[in-house]
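As structure tokens, the structure follows; a few thoughts come after it.
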Number of protein chains: 2
Amino acid sequence: MKKTILVFGLLILALLLLFQFSKYALISSHLTIEIIIAVIAIVFFSIGVFLNKKSLHQKTNNSEAIDYEKIKELEISDREYDVLLGISEGLSNKEIGEKLFVSESTIKTHVSNLLVKLNAKRRTHALQIAKDLNII
Amino acid sequence: MKKTILVFGLLILALLLLFQFSKYALISSHLTIEIIIAVIAIVFFSIGVFLNKKSLHQKTNNSEAIDYEKIKELEISDREYDVLLGISEGLSNKEIGEKLFVSESTIKTHVSNLLVKLNAKRRTHALQIAKDLNII
DNA sequence: AGCGCTTTGGTACTTTAGTATGAGTACTTT
DNA sequence: AAAGTACTCATACTAAAGTACCAAAGCGCT
């Protein structure tokens, strides 16, 4: 929000500077009106591109970044999150166990707890929910 | 590519029109230079935003867009793809069957064929592969 | 009409997944 | 020291998922 105000302030400043510049240029007749218009066009075109790129990047980043706050909020433990990542890699409980050096039983416990915490019926459902919440 | 040329053509046209307009406006003195500059600034700012949005959308869409060619390449049938979408929604075979108005047996057949075609061991694995190939 | 393909569905079976319950260890907080 | 929490693991069970095989209906193509 503060950034937005700053950017708009700079924009208005740029606009005023261009007004002054164009007046001076016309009076002194060193530059033709075409060039002034071209300069203004290029400047504002660039500003438009720049601003849009920033805002769009924020949006795309938001949909890709992992929401660690949400993970805490759901009380998902570290180990449970490891298991969730294993599931998202398409591994079986046994394979996840081998990867984390624990038994399949342990993974089953973690998965069960995960399903409760994510309010999911199946591991695939959990995956869908987790993606929706931006936690994987 | 053709679109790009078209857009640039229109841009140049707009620029020329603005030149003529500004000249006429100055001669007839109906408008001040400030207003002309403001109009030009707004117009080109908008053009910048618009063009950038288009190009960025193409980029983001590319990493999200579904690769239908790949689906054909893998010889995944329409129905199998429906089932794949059901899996990605976290549904059980039974639920997918209800959604598509067919029996669970049918879904099992489709899933089995899908796993072979995607070279996956499990439905979660199929999901991971499908995401990797940009087909879901 | 016959061929190939998709879609559908079934049976029988094996393998994973998931639930319920109990229990031990370790580490932190009160 | 006691309570709480996270992690571990096991048993016993039920429920899904997945495999293998077979079979029939429907559609487009030649």
Side-chain angles (χ1 to χ4, degrees), chain A residues 66-133 135-136, chain B residues 66-133 135-136:
Chain A
I66 289 170
D67 190 347
Y68 293 104
E69 288 303 316
K70 197 77 195 175
I71 296 172
K72 281 181 194 168
E73 198 182 313
L74 293 170
E75 295 179 318
I76 292 172
S77 71
D78 289 1
R79 216 49 171 166
E80 283 162 0
Y81 189 69
D82 288 341
V83 173
L84 183 58
L85 291 180
I87 292 172
S88 77
E89 285 170 29
L91 304 176
S92 68
N93 290 336
K94 199 177 179 181
E95 286 168 340
I96 297 170
E98 284 164 4
K99 195 177 176 184
L100 300 179
F101 304 109
V102 294
S103 80
E104 193 189 343
S105 296
T106 307
I107 305 301
K108 281 191 177 187
T109 307
H110 288 320
V111 171
S112 260
N113 293 332
L114 259 175
L115 295 183
V116 172
K117 290 176 182 177
L118 285 172
N119 200 21
K121 290 179 187 171
R122 278 163 291 281
R123 47 169 59 211
T124 47
H125 193 195
L127 237 40
Q128 194 259 317
I129 292 169
K131 251 161 243 150
D132 235 51
L133 298 174
I135 62 177
I136 54 170
Chain B
I66 291 168
D67 190 347
Y68 292 103
E69 288 303 315
K70 197 77 196 176
I71 296 173
K72 280 182 194 167
E73 200 181 314
L74 293 169
E75 295 179 319
I76 292 172
S77 71
D78 289 2
R79 217 48 173 165
E80 283 162 359
Y81 189 68
D82 288 341
V83 172
L84 183 58
L85 291 180
I87 292 172
S88 77
E89 286 170 28
L91 303 176
S92 68
N93 289 336
K94 199 176 178 181
E95 286 168 341
I96 297 170
E98 284 164 4
K99 195 178 176 183
L100 300 178
F101 303 108
V102 293
S103 78
E104 193 188 343
S105 296
T106 307
I107 305 300
K108 281 192 177 186
T109 307
H110 288 321
V111 171
S112 261
N113 292 332
L114 260 175
L115 295 183
V116 172
K117 289 176 182 177
L118 286 172
N119 201 22
K121 290 179 186 171
R122 276 163 293 281
R123 49 169 59 209
T124 47
H125 193 197
L127 237 40
Q128 194 260 317
I129 292 169
K131 251 161 241 152
D132 234 52
L133 298 174
I135 62 176
I136 55 170

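Below, chains carry the letters A, B, ... as their sequence lines are ordered, and counting in each starts from 1.
For A:Glu80, the salt bridge (charged side-chain N to carboxylate O under 4.0 Å, His left out) criterion is met by A:Lys117, not counting sequence neighbours. For B:Lys70, the side-chain contact (heavy atoms from CB on, under 4.5 Å) test picks out B:Asp67, B:Glu73, B:Leu74, B:Leu133, B:Ile135, with sequence neighbours left out. Taking the side-chain contact (heavy atoms from CB on, under 4.5 Å) definition, one finds that B:Glu75 meets it with nothing, sequence neighbours left out. Taking the side chain to side chain donor-acceptor pair (under 3.5 Å) definition, one finds that A:Lys99 meets it with A:Glu89, sequence neighbours left out.
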Side-chain donor-acceptor contacts of residues 108-115 of chain A below 3.5 Å, not counting sequence neighbours, with atom names and distances?
residue  : atom : partner  : partner atom : Å
A:Thr109 : OG1  : A:Ser105 : O            : 3.0
A:Asn113 : ND2  : A:Thr109 : O            : 3.2

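Within residues 108-117 of chain A, the residues that have a heavy atom under 4.0 Å from DNA chain D are, in order of number, A:Thr109, A:His110. A heavy atom lying under 4.0 Å from DNA chain C marks the following residues of residues 90-100 of chain A, by number: A:Ser92, A:Asn93. Taken residue by residue, residues 122-132 of chain B places heavy atoms nearer than 4.0 Å to DNA chain C at B:Arg122. Of the residues in residues 72-82 of chain A, those lying under 4.0 Å from DNA chain D by heavy-atom distance are A:Ser77, A:Asp78, A:Arg79.
Counting to the nearest Å, the P atom of D:dA15 and the CD atom of B:Glu104 are 13 Å from each other. Atom pair B:Leu84:CG and D:dG18:P shows a separation of 12 Å (rounding to whole Å applied). When rounded to the nearest whole Å, the span between NZ of B:Lys121 and P of D:dT19 equals 12 Å.
Within the nucleic acid shown, B:Ser105 comes within 4.0 Å of at least one base atom, counting heavy atoms only.
Comparing the axis of the opening five pairs of the helix from C:dA1-D:dT30 to C:dT30-D:dA1 with that of the closing five pairs yields an angle of 50°, rounded to 10°.
Note on B:Thr106: every side-chain N or O is 4.0 Å or more away from OP1 and OP2 of C:dT8.
Looking at every heavy atom in both residues, B:Gly86 comes nearest to B:Ile96 through C-CD1, 3.8 Å.
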*Report the C-alpha separation of B:Leu118 and B:Leu84 in whole Å, then their side-chain angles, then the decisive distance to 0.1 Å, and conclude whether the side-chain contact (heavy atoms from CB on, under 4.5 Å) test is met.*
CA-CA 11 Å; B:Leu118 286 172; B:Leu84 183 58; 4.2 Å; yes

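Within the 4.5 Å cutoff, no side-chain heavy atoms of B:Val83 are placed close to those of B:Thr106.
Applying the side chain to side chain donor-acceptor pair (under 3.5 Å) definition to pairs two or more places apart or across chains, those involving residues 123-133 of chain B are B:Asn93-B:Arg123.
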Short N/O separations, protein against nucleotides 27-30 of chain C, under 3.5 angstrom:
none

